Peer 1: 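The structure that follows is given in the form of structure tokens.
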Amino acid sequence: MKIKAVNGFKDILPDDALRWQMIEKTARDIFARFGMREIRTPVLEKTELFARSIGEATDIVEKEMYTFVDKGITMRPEATASILRAFIEHGLHVKQPVHRLYTIGPMFRHERPQKGRLRQFHQMDVEVIGATEPQVDAELMAMGQMLLDALGIKVSLEINSLGCPACRPAFRDKLIGYLDQHRESLCSDCRRRLETNPLRALDCKNRTCKALVQDAPSILDSLCSDCNDHFSAVKETLDLLGVSYRDNRFMVRGLDYYTRTTFEFITDALGAQAAVGAGGRYDGLLKQLNGPDLPGIGFALGMERLILLMEQQEDRTPPQQTTDLFVAALGEKAAVHASMLVHALRRLGLAAAMDYSGRSLKAQMKQAGRVNSRFTLIIGDNELAEEEGILRDMNSQEQSRFSLSPAVDEQAQQMAAILSA
RNA sequence: GUGAGCGUAGCUCAGUUGGUGGUAGCACCGGGUUGUGGCCUCGGAGGUCGUGGGUUCAAGUCCCAUCGCUCACCCCA
């Protein structure tokens, strides 16, 4: 029986890794423009951290976590909790009033894998801690949009407000009242949600529930004046920044800690997985974790989903690794010269390669093409005798002579000059 | 946790109502070009048909089980 990767865990092979690097580079660059600084936290945390932040009654905590029961530790299902833990543990808040942080890495959830959903998946996660201003909410969404634009991914942005502890309970009661009236028409899931998390009935996909919910009381009508002002200011700022969005009063989030602003970047191109990025404000969460009473807001982008969309939507060809010079050597003496030259070139910062198997020139040329070599230097017995190799431009197919006579280091300098011209 | 579908070469896949010898393309190796990649052409190598059992004169093909994968529900990035 063959040993294979475990279900829901995927290898990222060399042909794909360059795309990952490109996405991460683009993200880091844009995050830096917004003053975000990287933080890296462990993938393992005390189980209690996630239970207390994400919420005991959420699906994630109830049945999706990879937990070492005997050790009381869990592989992170999301990044926010870990970042806040680190923030609190190291007392970062005393250094400055507002922290802008990001992290990129793997998350783990024990769900049934399907398109765009894995058990180990990767997120780019951004958190701003210590700022309550609605402009920050809008700025984060604008940043997300900027990144998605840079990657050539088309999505739409939907926003909502979930209110705060001052106004959400009243809405919750109103909603329960309404749903209870129509209890008979609700699907079995929603009848259960009525007890556990009535808000989630709002984005039920069942057709009759969907219709029913259209006439349900709207959270937006129940917001307290502070929350209402906040939400208005968020939208105003989005308008100012030229970020388009759509109100979606039915959008709720699967994590308990969200307050006020929530948002999702969604697509219809990924089957059941609509959200490629999502987040929101969590103003009471730090205090709840025994930290300072600071507001926070953040969001995460799903790397695998971004990649699926890019493969589907992109017009340009994916990046490929290239080689500056391939040296094709014929015979042992030539191979010795080649290996010294290749090493000297690498010392100078160039990507140089050769083949040690002593195969035919044709085979070596083929290899040069395979590694996307810009130039190939051919060294055979004739060339050694004349102390001049043949330098071939692989694109134009033009060939010229290259002196092999001075010291190897000087040849490398010469070559570097030619390659950078 | 629930439901459906699919497992043939490294990859993508043919395989007709069960009928002898398992396709092809891509990729790989070699020749045509005795020292020149991509294109062309010729050849080569590469398989326990997921695994186990059953039906049958005969199973890649039908049945059962099992393992694996995929998609969907739920939920989520």
Side-chain angles (χ1 to χ4, degrees), chain A residues 1-8 10 13 15 54 57-64 76-80 104-126 144 155 187-190 192-193 196-197 200 203-206 251-255 263-267 270-280 298-309 323 326 328-331 334 355 357 359-383 389-395 397-399:
Chain A
M1 141 179 173
K2 273 191 231 167
I3 297 180
K4 301 169 49 173
V6 330
N7 191 14
K10 290 275 177 273
L13 299 176
D15 281 346
I54 297 169
T58 57
D59 280 10
I60 292 178
V61 171
E62 259 180 11
K63 53 196 187 194
E64 294 175 1
R76 64 180 182 195
E78 56 111 36
T80 304
I104 299 174
M107 311 294 159
F108 306 85
R109 291 182 200 171
H110 191 113
E111 304 177 85
R112 279 292 267 276
Q114 65 190 68
K115 189 180 182 68
R117 198 172 79 186
L118 297 169
R119 288 181 171 174
Q120 174 179 330
F121 59 104
H122 298 77
Q123 289 188 337
M124 303 190 284
D125 186 278
V126 178
V155 294
C187 71
S188 56
D189 283 330
C190 282
R192 183 172 46 77
R193 288 180 182 122
T196 57
N197 193 343
R200 267 197 243 168
D203 75 347
C204 182
K205 283 164 195 118
N206 179 288
M251 186 177 79
V252 294
R253 315 285 6 274
L255 291 68
F263 58 98
E264 287 185 353
F265 293 101
I266 63 172
T267 175
L270 286 184
Q273 275 59 245
V276 298
F299 76 100
L301 293 160
M303 299 269 294
E304 283 83 358
R305 291 184 185 178
L306 294 180
I307 287 168
L308 283 173
L309 284 179
T323 301
F326 186 91
L330 298 167
D355 182 279
S357 66
R359 296 198 295 165
S360 69
L361 181 59
K362 179 175 179 166
Q364 294 194 51
M365 291 300 292
K366 198 169 181 181
Q367 177 65 11
R370 226 177 339 232
V371 299
N372 298 312
S373 176
R374 292 166 54 210
F375 288 89
T376 298
L377 179 65
I378 299 166
I379 307 176
D381 292 337
N382 302 341
E383 287 75 20
I390 298 170
L391 184 63
R392 178 180 175 86
D393 181 319
M394 296 297 275
N395 291 321
Q397 306 190 36
E398 284 167 20
Q399 302 196 156

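On a predicted model such as this, the values are computed, not experimentally measured, just so you know. Proteins come first, then strands; the chains are lettered A, B, ... in the order of their sequence lines, and each starts at number 1.
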Peer 1: With rounding to the closest Å, how many angstrom separate the C1' atoms on B/rC63 and B/rC26?
Peer 2: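 One C1' to the other, the span is 36 Å.
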
Peer 1: Give, for atom CD of A/Gln120 and atom NZ of A/Lys10, the distance between the pair rounded to the nearest 0.5 Å.
Peer 2: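 It is 11.0 Å, given to the nearest 0.5 Å.
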
Peer 1: If you find the nucleotide of RNA chain B closest to A/Leu270 and the one closest to A/Ala278, which residue's nucleotide is nearer the 5' end?
Peer 2: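 Comparing both residues, the 5'-ward one is A/Leu270.
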
Peer 1: Can you tell me if A/Gln114 touches the phosphate of B/rA72, counting only side-chain N or O atoms and a distance under 4.0 Å to OP1 or OP2?
Peer 2: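 Yes, because at least one side-chain N or O of A/Gln114 sits under 4.0 Å from OP1 or OP2 of B/rA72.
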
Peer 1: I'd like the P distance from B/rC11 over to B/rU55, given in whole Å.
Peer 2: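 To the nearest whole Å, 34 Å.
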
Peer 1: Looking at side-chain heavy atoms only, is the closest gap between A/Met365 and A/Ser360 below 4.5 Å?
Peer 2: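 Not touching, per the 4.5 Å side-chain cut-off.
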
Peer 1: In whole angstrom, what separates A/Leu308's CG from B/rU70's P?
Peer 2: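 It works out to 12 Å between those atoms.
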
Peer 1: Starting at CD of A/Glu62 and ending at P of B/rC76, how long is that distance when rounded to a whole Å?
Peer 2: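 Rounding to the nearest Å, CD of A/Glu62 and P of B/rC76 are 12 Å apart.
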
Peer 1: Rounding to the closest angstrom, what is the interatomic distance between B/rG32 and B/rG25 at atom C1'?
Peer 2: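 Pairwise C1' distance, B/rG32 against B/rG25, rounds to 22 Å.
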
Peer 1: Between A/Ile3 (CD1) and B/rU51 (C1'), how many Å, whole number?
Peer 2: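 The answer, rounded to whole Å, is 17 Å.
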
Peer 1: Using whole Å, what does the distance between atom C1' of nucleotide B/rA77 and atom CE of A/Met251 come to?
Peer 2: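 Nearest whole value for this atom pair: 14 Å.
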
Peer 1: Examine B/rC69: is either OP1 or OP2 under 4.0 Å from a nitrogen or oxygen in the side chain of A/Asn7? Give yes or no.
Peer 2: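 The answer is yes; a side-chain N or O of A/Asn7 sits under 4.0 Å from OP1 or OP2.
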
Peer 1: Round to the nearest Å and state the distance from A/Glu264 atom CD to B/rC76 atom P.
Peer 2: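 Spelled out: CD on A/Glu264 to P on B/rC76 is 9 Å.
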
Peer 1: Over all strands shown, is A/Gly116 touching base, sugar-phosphate only, or nothing at heavy-atom distances under 4.0 angstrom?
Peer 2: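 If one applies the 4.0 Å heavy-atom cut-off, A/Gly116 turns out to touch a base.
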
Peer 1: I'd like the C1' distance from B/rG60 over to B/rC49, given in whole Å.
Peer 2: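 Roughly 5 Å separates the two C1' atoms.
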
Peer 1: Quick one: side-chain hydrogen bond (donor to acceptor under 3.5 Å, both in side chains) partners of A/Glu304, sequence neighbours excluded?
Peer 2: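 A/Glu304 satisfies side-chain hydrogen bond (donor to acceptor under 3.5 Å, both in side chains) with A/His122 only.
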
Peer 1: Mind checking side chain to side chain contact (heavy atoms under 4.5 Å, CB included) for A/Thr267 and listing every partner two or more places apart, or none if nothing turns up?
Peer 2: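 A/Thr267 satisfies side chain to side chain contact (heavy atoms under 4.5 Å, CB included) with A/Val155, A/Ala269, A/Leu270, A/Val276, A/Leu309 only.
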
Peer 1: By side chain to side chain contact (heavy atoms under 4.5 Å, CB included), which residues pair with A/Asp203, not counting sequence neighbours?
Peer 2: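 For A/Asp203 the side chain to side chain contact (heavy atoms under 4.5 Å, CB included) partners, ignoring immediate neighbours, are A/Val252.
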
Peer 1: Dot-bracket, RNA chain B: Watson-Crick or G-U, under 3.5 angstrom, [ ] crossing, | other strand?
Peer 2: (((((((..(((......[....))).(((((.......))))).....(((((..]....))))))))))))....

Peer 1: Is any side-chain heavy atom of A/Gln364 closer than 4.5 Å to a side-chain heavy atom of A/Leu330?
Peer 2: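 The answer is yes, as the side chains (C-beta and beyond) meet within the 4.5 Å cut-off.
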
Peer 1: Under the salt bridge (Lys or Arg N to Asp or Glu O under 4.0 Å) rule, what pairs show up with a residue in residues 359-380 of chain A, not counting sequence neighbours?
Peer 2: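 Every salt bridge (Lys or Arg N to Asp or Glu O under 4.0 Å) pair that includes a residue of residues 359-380 of chain A, provided the two are not neighbours, is A/Asp324-A/Arg374.
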
Peer 1: With sequence neighbours excluded, tell me which residues meet salt bridge (Lys or Arg N to Asp or Glu O under 4.0 Å) with A/Arg200.
Peer 2: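 Result, salt bridge (Lys or Arg N to Asp or Glu O under 4.0 Å) vs A/Arg200: A/Asp59.
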
Peer 1: Counting N and O atoms only, with roles assigned by atom type, does the side chain of A/Arg112 sit under 3.5 Å from a partner on the main chain of A/Gly8, one being a donor and the other an acceptor?
Peer 2: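 No; zero donor-acceptor contacts below 3.5 Å.
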
Peer 1: In whole Å, what is the span from the CD atom of A/Glu304 to the P atom of B/rA77?
Peer 2: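 One finds 14 Å between P of B/rA77 and CD of A/Glu304, rounded.
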
Peer 1: Using the C1' atoms only, state how far B/rU16 lies from B/rA27, rounded to an integer number of Å.
Peer 2: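 My reading of the C1' atoms in B/rA27 and B/rU16 gives 30 Å.
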
Peer 1: Among all residues two or more places apart in sequence or in another chain, which pass the side chain to side chain contact (heavy atoms under 4.5 Å, CB included) test with A/Ala278?
Peer 2: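 Side chain to side chain contact (heavy atoms under 4.5 Å, CB included) list for A/Ala278, sorted by chain: A/Arg253, A/Glu264.
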
Peer 1: Pick the C1' atom in B/rG46 and in B/rA24, then give their distance to the nearest Å.
Peer 2: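 Going atom to atom, C1' in each nucleotide, I get 15 Å.
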
Peer 1: Measure CD1/A/Ile266 against C1'/B/rA77 and give the value in whole Å, please.
Peer 2: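 So the CD1-C1' distance, A/Ile266 to B/rA77, works out to 13 Å.
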
Peer 1: Who passes side chain to side chain contact (heavy atoms under 4.5 Å, CB included) against A/Glu111, sequence neighbours left out?
Peer 2: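 Residues passing side chain to side chain contact (heavy atoms under 4.5 Å, CB included) with A/Glu111: A/Glu64, A/Arg109, A/Arg117.
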
Peer 1: Categorize A/Leu118 for me: base, sugar-phosphate, or nothing, with a 4.0 angstrom heavy-atom threshold over every strand shown.
Peer 2: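 Result for A/Leu118 = base.
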
Peer 1: If you measure from the P atom in B/rA45 to the same atom in B/rC6, how many Å do you get, rounded?
Peer 2: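 Those two atoms are separated by 34 Å.
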
Peer 1: Using a 4.0 Å cut-off on protein heavy atoms (strictly under), produce a 5'-to-3' string for nucleotides 34-45 of chain B with B for base contact, S for backbone-only sugar-phosphate contact, and - for none.
Peer 2: -BBBB-------

Peer 1: Tell me, please, which residues at least two apart from A/Phe299 pass ring pair (Phe, Tyr, Trp, His ring centres under 6.0 Å).
Peer 2: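 A/Phe299: ring pair (Phe, Tyr, Trp, His ring centres under 6.0 Å) contacts with A/Phe263.
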
Peer 1: Report which part of the nucleic acid A/Arg359 touches: base, sugar-phosphate, or nothing (heavy-atom distance under 4.0 Å, all strands).
Peer 2: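 Contact class for A/Arg359: sugar-phosphate only.
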
Peer 1: Starting at atom CG of A/Asp203, determine the distance to atom C1' of B/rC74, rounded to an integer number of angstrom.
Peer 2: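 Rounded to the whole Å, the gap is 12 Å.
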
Peer 1: Could you pull out all residues at least two apart from A/Glu62 that satisfy side-chain hydrogen bond (donor to acceptor under 3.5 Å, both in side chains)?
Peer 2: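 Testing A/Glu62 for side-chain hydrogen bond (donor to acceptor under 3.5 Å, both in side chains), a comparison that skips the adjacent residues, returns none.
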
Peer 1: Between B/rG53 and B/rU12, how far apart are the P atoms? Round to whole Å, please.
Peer 2: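 Comparing P positions in B/rU12 and B/rG53 gives a spacing of 28 Å.
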
Peer 1: Enumerate all atom pairs, one protein N or O and one N or O from nucleotides 1-5 of chain B, separated by less than 3.5 Å.
Peer 2:
| residue | atom | partner | partner atom | Å |
| --- | --- | --- | --- | --- |
| B/rU2 | O4 | A/Arg112 | NH1 | 3.2 |
| B/rU2 | O4 | A/Arg112 | NH2 | 3.3 |

